[in-house]
Amino acid sequence: MIRTISVDKITENIKEMCIEANHFLSPDMDTVMKEAVDKEESPLGRQILTQLQENLKIAGDDMIPICQDTGMAVIFMEIGQDVHLEGGCLEDAVNEGVRQGYKEGFLRKSVVKDPLIRENTKDNTPAVIHYEMVPGDKVKITVAPKGFGSENMSRVFMLKPAEGIEGVKNAVLTAVRDAGPNACPPMVVGVGIGGTFEKCAILAKKALTRDAGSHSSVPYVKEMEEELLEKINGLGIGPGGLGGRVTALAVNINTYPTHIAGLPVAVNICCHVNRHRTRTI
């Protein structure tokens, strides 16, 4: 049976989610941030993590963005095939939600209309939207604003199949090591393995929206997540890049089938302000 949803409902939800994501850490990120203070061995690292905790509390209490870079809005839409959307264009509705959220939430507008001419759009649109058709009669929306201090540190590697798992691990460690303090650690590392050049990047981006502390259901991938987290935290970059044990809070890996001749790997790095909100309507 077909279920009808007005696109106005999409707009309203995205507006609220943009504001929430930029003012409050998601519960999973709040948990791992608090745990990080106990794990950090460096006195300076613990001091930085404590200051970050204070910043998060002030942001929530006073409704101030948790980071001055309120990001470019990345939206994942899972649309049930039994849903009929009415009342206008879905893409326009999504962008209107972003526009309203960034205006009403007094969030910084960081998007430029042309990548080279660089005139600000003044409303943080357009968003980057990823659509997926799924079974059912619901729409699942994930809003994940991404700041570019960490986005600029992300990488795509096109490996040879013979490089295998060790090649993937080396690629991830290379990306994190090269990012160093520039990605505002402690960071969350999203990894996409497989697909094509563009598919692995989307896999890595979506991996950032998975709850920190959760793991892949694929046993060897789970082992790789745990091993890479340990190795990254052994690099000595530490909170704020000033040394210490807690360089990363989580490593999340997504995989996808790929061609016999390639092994695409994307590493999408996000600072501790790993913002995401998910709702199903």
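Keep in mind that the numbers below use all heavy atoms, side chains included, and drop hydrogens, waters and symmetry copies.
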Verify, without hydrogens or angle tests, whether [X] (side chain) and [Y] (backbone) share a donor-acceptor contact under 3.5 angstrom.
X: Asn233; Y: Thr247; result: yes
X: Glu225; Y: Ser216; result: yes
X: Asn55; Y: Ile66; result: yes
X: Ser154; Y: Ile269; result: yes
X: Lys39; Y: Val246; result: no
X: Asn274; Y: Leu208; result: yes
X: Asp69; Y: Phe148; result: yes

Pairwise side-chain contact, Pro145 with Thr70, heavy-atom cut-off 4.5 Å (strictly under): no

Do Met153 and Val188 belong to the same hydrophobic cluster, where Ile, Leu, Val, Met, Phe, Trp and Tyr are linked whenever their side-chain heavy atoms lie under 4.5 Å apart, directly or via other members? no

Do Leu159 and Leu173 belong together in a cluster built from hydrophobic side chains that touch within less than 4.5 Å? yes

Looking at Lys9 and Glu12, does any basic side-chain N land under 4.0 Å from a carboxylate oxygen? no

For side-chain contact (heavy atoms from CB on, under 4.5 Å), just list the numbers for Met72 and Lys146, CA-CA rounded to whole Å, side-chain angles, deciding distance to a tenth of an Å, and then say yes or no. CA-CA 5 Å; Met72 188 169 192; Lys146 185 72 189 294; 5.6 Å; no

I'd like to know whether [atom1] of [X] has more than 12 heavy-atom contacts from other residues, nucleotides or ligands below 6.0 angstrom.
X: Ile117; atom1: CD1; value: no
X: Glu230; atom1: CD; value: no
X: Tyr256; atom1: OH; value: no
X: Lys169; atom1: NZ; value: yes

Could you tell me if Glu40 and Ser42 have a donor-acceptor pair between their side chains, going purely by distance under 3.5 Å? no

Val139 and Met77: CA distance, side-chain angles, deciding distance, side-chain contact (heavy atoms from CB on, under 4.5 Å) verdict: CA-CA 7 Å; Val139 176; Met77 303 278 296; 3.9 Å; yes

